[in-house]
2 protein chains.
Amino acid sequence: MKPTKMKRLRAAGWKTGSTAEFLGLSEAEAALVELKLALVAAVRATRQKRGLSQTDLAQRLRSSQSRVAKIEAGDASVSLDLIVRALLAAGASRKDVEKAFVAIE
Amino acid sequence: MKPTKMKRLRAAGWKTGSTAEFLGLSEAEAALVELKLALVAAVRATRQKRGLSQTDLAQRLRSSQSRVAKIEAGDASVSLDLIVRALLAAGASRKDVEKAFVAIE
DNA sequence: TGAGTATATGTCGGATGTGACATACGTGGC
DNA sequence: GCCACGTATGTCACATCCGACATATACTCA
């Protein structure tokens, strides 16, 4: 988390225990990151299972090879939207998605 | 989908049956929309279950009441990232998030 | 060796999402 | 009536994400 953001956070009047809420926020952020990483792994696994190159998937996604590489690398510039779209474009089955979640817990 | 996008889509040389791939893309987009709506419903349900107002949730999210309203209204300007962050900020368990995601199919 | 293929990484202009604010609508006390 | 509260909607400047491109690395096969 950026320092500037933390500052704003503290500035905005807390109602309940600030530390607890702050920690809760961090936890939520960590959960989101973990979720993204799990889905990203599913993207790569699904793509390879279907014998698709990053270029192939990019074409289905209407994106570029470089962006697919960034998706699979867990690049911070990639949104959850794009990850899920990539997963769907790769033709992920429900089982693939479930598997991604099992990895989390 | 925007007309300009469709045009580009057709322009870019298709390798396999264009209609099939095009339909596949639409399906993926529809699935994403459905997923968002499912998560959005979960946000509202979780928030209300915890007795939080939109303003309360906005504070936890470090966003604004208006954006929380847009999230719950399924506004097109809201990303999947924000929806999931809202869900986590509302205090949804990881299982709740998983449940919504598995609904993709 | 060199060509072909797959993947990774950096950059950039333009597209899209964001928080914040104003404001409107409804409801429930008082 | 008025006020407080919760929610909805529109706008806008600014931040973030995007596709596209260039380029680098690595591996394979002839």
Side-chain angles (χ1 to χ4, degrees), chain A residues 1-13 15 25 29 32-33 36 39-41 43-90, chain B residues 1-13 15 25 28-29 32-33 36 39-41 43-87 89-90:
Chain A
M1 190 180 308
K2 294 182 202 161
T4 56
K5 218 166 187 182
M6 276 186 55
K7 202 173 173 186
R8 259 203 303 147
L9 176 55
R10 296 200 216 254
K15 286 189 174 172
L25 202 65
E29 284 181 0
L32 182 58
V33 170
K36 283 191 180 188
L39 289 170
V40 150
V43 168
R44 169 162 269 160
T46 305
R47 175 179 67 78
Q48 292 180 334
K49 203 169 74 181
R50 310 253 166 171
L52 298 171
S53 68
Q54 290 184 346
T55 305
D56 293 334
L57 179 54
Q59 200 172 202
R60 283 171 180 244
L61 244 189
R62 334 225 64 254
S63 180
S64 59
Q65 178 269 326
S66 61
R67 190 133 297 269
V68 172
K70 283 180 220 295
I71 292 171
E72 295 187 356
D75 191 295
S77 83
V78 176
S79 71
L80 184 54
D81 290 68
L82 189 59
I83 296 171
V84 172
R85 264 191 269 130
L87 191 50
L88 293 169
Chain B
M1 188 182 307
K2 291 183 203 162
T4 57
K5 215 167 184 181
M6 275 187 56
K7 202 171 171 188
R8 260 204 301 147
L9 175 56
R10 296 201 216 253
K15 286 189 175 173
L25 200 66
E29 284 180 1
L32 182 59
V33 171
K36 283 191 179 187
L39 289 168
V40 151
V43 169
R44 170 161 271 160
T46 306
R47 176 178 66 80
Q48 291 180 337
K49 202 168 75 180
R50 311 254 164 167
L52 298 171
S53 67
Q54 290 185 346
T55 305
D56 293 334
L57 178 54
Q59 200 172 204
R60 285 170 177 242
L61 245 187
R62 279 192 288 124
S63 180
S64 58
Q65 178 269 326
S66 62
R67 191 135 295 272
V68 172
K70 284 180 220 292
I71 291 172
E72 295 188 357
D75 191 294
S77 83
V78 177
S79 72
L80 185 53
D81 291 69
L82 188 60
I83 296 171
V84 172
R85 265 191 271 130
L87 191 50

Send over the distance from Asp56(B) CG to dT7(D) P, rounded to a whole Å.
9 Å
Check: Leu57(A) and Val43(A) side chains under 4.5 Å, non-hydrogen atoms
yes
Which of dT9(C), dA20(C), dA8(C) is nearest the side chain of Ser64(B)? It is dA20(C)
Shortest side-chain distance from Ala69(A), nucleotide among dA20(C), dT18(C), dT9(C)
dT9(C)
Report yes if some heavy atom in the side chain of Asp56(B) is under 4.5 Å from a heavy atom in the side chain of Arg47(B); otherwise report no.
no
Determine whether a donor-acceptor pair (one donor, one acceptor, N or O, separation below 3.5 Å) exists between the side chain of Glu72(A) and the base of dA8(C).
no
What integer distance in Å separates Gln65(A):CD from dT23(D):C1'?
11 Å
Could you tell me how far apart Asp81(B) (CG) and dG19(C) (C1') are, to the nearest whole angstrom?
16 Å
Choose from dC17(D), dA8(D), dA20(C) the nucleotide whose nearest atom is closest to any side-chain atom of Lys70(B).
dA20(C)
Between dT11(C), dG10(D), dT7(D), which one does the side chain of Ser53(B) approach most closely?
dT7(D)
Whole Å only: how far is the CD atom of Gln59(A) from the C1' atom of dG19(D)?
14 Å
Describe the nucleic acid contact of Val68(A) in one word from base, sugar-phosphate, nothing, applying a heavy-atom distance below 4.0 Å.
nothing
Given atom NZ of Lys36(A) and atom P of dT16(D), what is their separation to the nearest angstrom?
13 Å
Hey, does the side chain of Arg47(B) come within less than 4.0 Å of dG6(D)'s phosphate (OP1/OP2), counting only N and O?
no
Using side-chain heavy atoms (C-beta onward) and a distance below 4.5 Å, is Leu32(A) in contact with Leu80(A)?
yes
I want to verify a distance call: between dC18(D), dT9(C), dT7(D), whose nearest atom is closest to the Leu82(A) side chain?
dC18(D)
Rounded to whole angstrom units, what separation is found between the CG atom of Leu57(A) and the C1' atom of dA6(C)?
13 Å
Within a strict 4.5 Å, meaning less than it, do heavy atoms of the Arg67(A) and Leu61(A) side chains meet?
no
Roughly, in whole Å, what's the span from CD1 in Ile71(B) to P in dA20(C)?
13 Å
For Arg67(B) and Gln48(B), find the nucleotide of DNA chain D closest to each by heavy atoms; which residue's nucleotide sits nearer the 5' end?
Gln48(B)
Mind calculating the distance between CZ (Arg85(A)) and P (dC17(D)) to the nearest angstrom?
13 Å
Value rounded to 0.5 Å, distance of OG1 in Thr46(A) from CG in Leu39(A):
10.0 Å
Kindly say whether, by distance alone, the side chain of Gln54(A) makes a donor-acceptor pair under 3.5 Å with the base of dA8(C)?
no
To the side chain of Arg44(B), which of dT18(C), dA8(D), dC18(D) is closest?
dA8(D)
Is any side-chain heavy atom of Asp81(B) less than 4.5 Å from a side-chain heavy atom of Lys36(A)?
yes
Measure distances between side-chain N and O atoms of Ser79(B) and base N and O atoms of dC17(D), and say whether any donor-acceptor pair falls under 3.5 Å.
no
Counting heavy atoms from C-beta on, name the nucleotide in dT7(D), dG19(C), dA22(D) closest to the side chain of Ser66(A).
dA22(D)
